[in-house]
Structures are given as C-alpha cells and as structure tokens.
Amino acid sequence: MRNALRLRGASVPSSLAWKRSSKEPEWLKDIDVSRTVENLLTGAVVFVGRLPTTAWWLLSRPGKLDRRLLFNESLKTVPQVNATRPLTFLAVNLFLYAVLMLKTIGTIQPFSPFLEFFKPFLAKVPTDLKSLSLESVSVFMLPGVVIVGFLSATTTSLARAVGMKAPFKVMLNLHAYYVGLACFIITVQALLLTPTWELIFWGQERYGKDGIWYAIPLVLSGIAFLLALLVTVIQFVTKVREALLTGVAIVIALLATSWTTGFALAWAILYFVSPAFELIGK
C-alpha cells in the first residue's frame, strides 16, 4: 500500500512532502550575522595569499597553473581554481602599479601617453580603505584592462591572418597574466627601492658606515628586477608559442607587430573619443 500523508482530507505522497521540506535547510532558520563577515574575511585572506603565489607560478613554474586559466577558449568563468583569475590578476596589479606611480613620481610610466586621456577617470581612483573592494578596483582599472584586451585582439587577428588557430580568450588570458605580472614586479621593486635609497643617503650619517655598503642591496635588487622582467618576457613568448603551435621567431615577430599596431590604433581611437572622458570628471 502506498504511504501517504493526509492533510484535510487530501492525500499527499510522503515523498512529495519530504521534497518540500528539503528546500528549507535548518541553517537558513538560524540568525548568524557573522557568517557574511566570516566569508568576506576568508575570501580576503585567500585572495591576498593567491596573488603573490600566482605571480610566482607565472614567473617560475607556469605549469602549476590550471591549464584552463591559461588555455581555456571559452568565455565562461572557470569554476573552482586555486589561483587568481587572469583579468582579476591584471586589474589588481594595474591598480597597485597606478597608485604607486601616482603617489611617487606623479605619472604612470610608460603608459602616460594613453592614460592622459583617462585623467578625469583616474582622479577618482579610490585609495582609502573604506571604498576599496575588488569591484571598485576592477571598475577603475577598466581602461587598462580594455587596452590589454585590445592588444590581445590585434595579436589574435594577425595570427589568424597568417593561418594560425588563435582563440581570442587564450590570447586574453596570456596577455592579462603577463602584463599583470610585469606590473607586480615593478610594484615590488619600487617598494624595495625606497628604503634602499634612504639607506644610501642617510646610512653613513645615522649608522656610521660608508654609503657603498648600502649601494650593494640597490644593485642586487636592480639586477633581480631586470632578470625578473626578462624571465616574464621569455615565459610570455613561450606560452604564446605553446598556444599557437609555432616557432619562437614567428611569435616574437607576431607580438612585436601586433603590439606596435595595437598601441598605434589604441592611441588613435582614444584621441578621437577623449572628449567623452572629460564628462566623467564633471
């Protein structure tokens, strides 16, 4: 005989009654204000840990990264990864790079010719802790992300024009990761330079040692910085070659042409649409 649950004369199968109750887990009935805070803080800790880890993997062991983050052709988000995603990695490192440059030398080198168009936009970049979030950083770094996306598009177009299979999303992933890595390296080096220069200028007066002793860390950090940038370029070329299944010389020629063309086209486009950005500052 079929088991049923009777409600006011109506016969309802017990299996159906069980399904209805399963839609309301017990924990939903509890009031736990700290759950949201806990998720937020856990996410922040995980992100802060993953950012330098991702940079280290890209620089020294890109094989440790999930291949879906590097060579995924789909525009859909890859679920459950153990590294910072490419465009997020780019946006955050662009933000750190831009803030550091603006606070130290007052301009963003070597991209200042492009970012001059976005001055009203960059003037509103949030720097206080209350307004900082991944969403705000992503929005304000959108111009830089768009320029990198434009370079990815020119690389994809030129590769396809010569008969290569070049998925745009793969080129976007690689460009985002390695441009972000270059910004990360420059940011770290700039942070190291400040105390080193202070030691050179004030070390002898304060600590009684000759300034040459304090120049050694500066020279060593400079060598490490140049080596890191060189390895970044080598890893980028290697991964693009792996994606396009072609030779190193062809990849170097392709990237040199696509980046030159991309920067020229981006500057021309921004020059003509720059009046629109002035409205942002009003």
Side-chain angles (χ1 to χ4, degrees), residues 54-94 97 110-111 113-114 138 141-186 227-273:
T54 304
W56 174 249
W57 286 348
L58 286 168
L59 188 64
S60 63
R61 303 175 66 186
K64 288 205 62 158
L65 276 174
D66 192 325
R67 286 185 62 85
R68 295 173 302 170
L69 291 173
L70 292 172
F71 302 113
N72 179 35
E73 299 182 12
S74 173
L75 295 176
K76 295 181 179 179
T77 303
V78 178
Q80 200 67 26
V81 293
N82 61 352
T84 308
R85 300 171 190 273
L87 292 179
T88 305
F89 184 80
L90 171 64
V92 171
N93 284 305
L94 274 176
Y97 172 80
F111 303 107
F114 291 93
S138 300
M141 290 301 103
L142 187 59
V145 174
V146 169
I147 290 174
V148 173
F150 194 81
L151 295 177
S152 307
T154 56
T155 302
T156 302
S157 300
L158 285 176
R160 289 176 178 175
V162 295
M164 299 180 188
K165 180 186 177 183
F168 168 71
K169 185 57 165 53
V170 174
M171 291 298 107
L172 180 61
N173 292 341
L174 296 176
H175 279 70
Y177 265 139
Y178 284 98
V179 172
L181 178 60
C183 291
F184 179 84
I185 293 170
I186 294 172
L227 285 176
L229 285 182
L230 178 61
V231 173
T232 298
V233 173
I234 293 173
Q235 294 284 26
F236 177 52
V237 171
T238 302
K239 289 302 169 185
V240 173
R241 183 194 66 79
E242 187 177 340
L244 298 179
L245 300 175
T246 186
V248 174
I250 295 176
V251 170
I252 293 174
L254 175 70
L255 290 174
T257 305
S258 67
W259 277 51
T260 303
T261 305
F263 274 121
L265 289 175
W267 190 90
I269 293 171
L270 289 174
Y271 179 79
F272 285 106
V273 302

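Basis for what follows: all heavy atoms, side chains included, without hydrogens, waters or symmetry-related copies. A quick note: this is a predicted structure, and the numbers were derived from the prediction, not measured.
- The two atoms that bring Thr54 and Ala83 nearest to each other are OG1-CB, 3.5 Å, heavy atoms only.
- Residue pairs meeting the ring pair (Phe, Tyr, Trp, His ring centres under 6.0 Å) criterion with at least one member in residues 151-175, sequence neighbours excluded: His175-Phe236, His175-Trp259.
- No option in Thr238, Val237, Thr232 other than Thr238 meets the side-chain contact (heavy atoms from CB on, under 4.5 Å) test with Ile234.
- Rounded to the nearest 0.5 Å, atoms CE (Met171) and CG (Leu255) are 8.0 Å apart.
- A pairwise comparison of heavy atoms in Tyr178 and Leu58 identifies OH-O, 3.4 Å as the closest pair.
- For the side-chain contact (heavy atoms from CB on, under 4.5 Å) test, residues two or more places apart in sequence or in another chain that qualify with Arg67 are Phe71, Glu242.
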Next on the checklist: Could you walk me through whether Leu90 and Val148 satisfy the side-chain contact (heavy atoms from CB on, under 4.5 Å) test, starting with their C-alpha distance in whole Å, then the side-chain angles of each, then the deciding distance to 0.1 Å, before giving a yes or no?
Outcome noted: CA-CA 9 Å; Leu90 171 64; Val148 173; 3.9 Å; yes
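- The structure places CG of Leu230 at 10.5 Å from CD of Gln235, a figure rounded to the nearest 0.5 Å.
- Counting all heavy atoms, side chain and backbone alike, Met164 lies closest to Ile250 at CE-CG2, 3.3 Å.
- Between the Thr257 side chain and the Ala253 main chain, a donor and an acceptor come within less than 3.5 Å of each other.
- By the side chain to side chain donor-acceptor pair (under 3.5 Å) test, Asp66 pairs with Arg68, sequence neighbours left out.
- Under the 4.5 Å side-chain criterion, counting only non-hydrogen atoms from C-beta, Leu172 is not in contact with Thr156.
- Minimum interatomic distance between Leu59 and Ala228 (heavy atoms only, all atoms of both residues): CD1-O, 3.5 Å.
- A pairwise comparison of heavy atoms in Leu244 and Ala159 identifies CD2-CB, 4.3 Å as the closest pair.
- Here the straight-line distance linking atom CG of Leu229 with atom CD1 of Ile186 works out to 5.5 Å at 0.5 Å rounding.
- Within the 3.5 Å criterion, the main-chain N or O of Ala166 finds a donor-acceptor partner in the side chain of Arg160.
- Between Trp56 and Leu181 there is no side-chain heavy-atom pair separated by less than 4.5 Å.
- In summary, the side chains of Thr154 and Ser258 do not present any donor paired with an acceptor at a separation below 3.5 Å, with no hydrogens or angles considered.
- Counting heavy atoms from C-beta on, the side chains of Leu69 and Asn173 never come closer than 4.5 Å.
- Atom NZ in Lys169 sits 10.5 Å away from atom OG in Ser152 (nearest 0.5 Å).
- The minimum heavy-atom distance between Pro62 and Leu70, with the atom names listed, is O-CD1, 3.9 Å.
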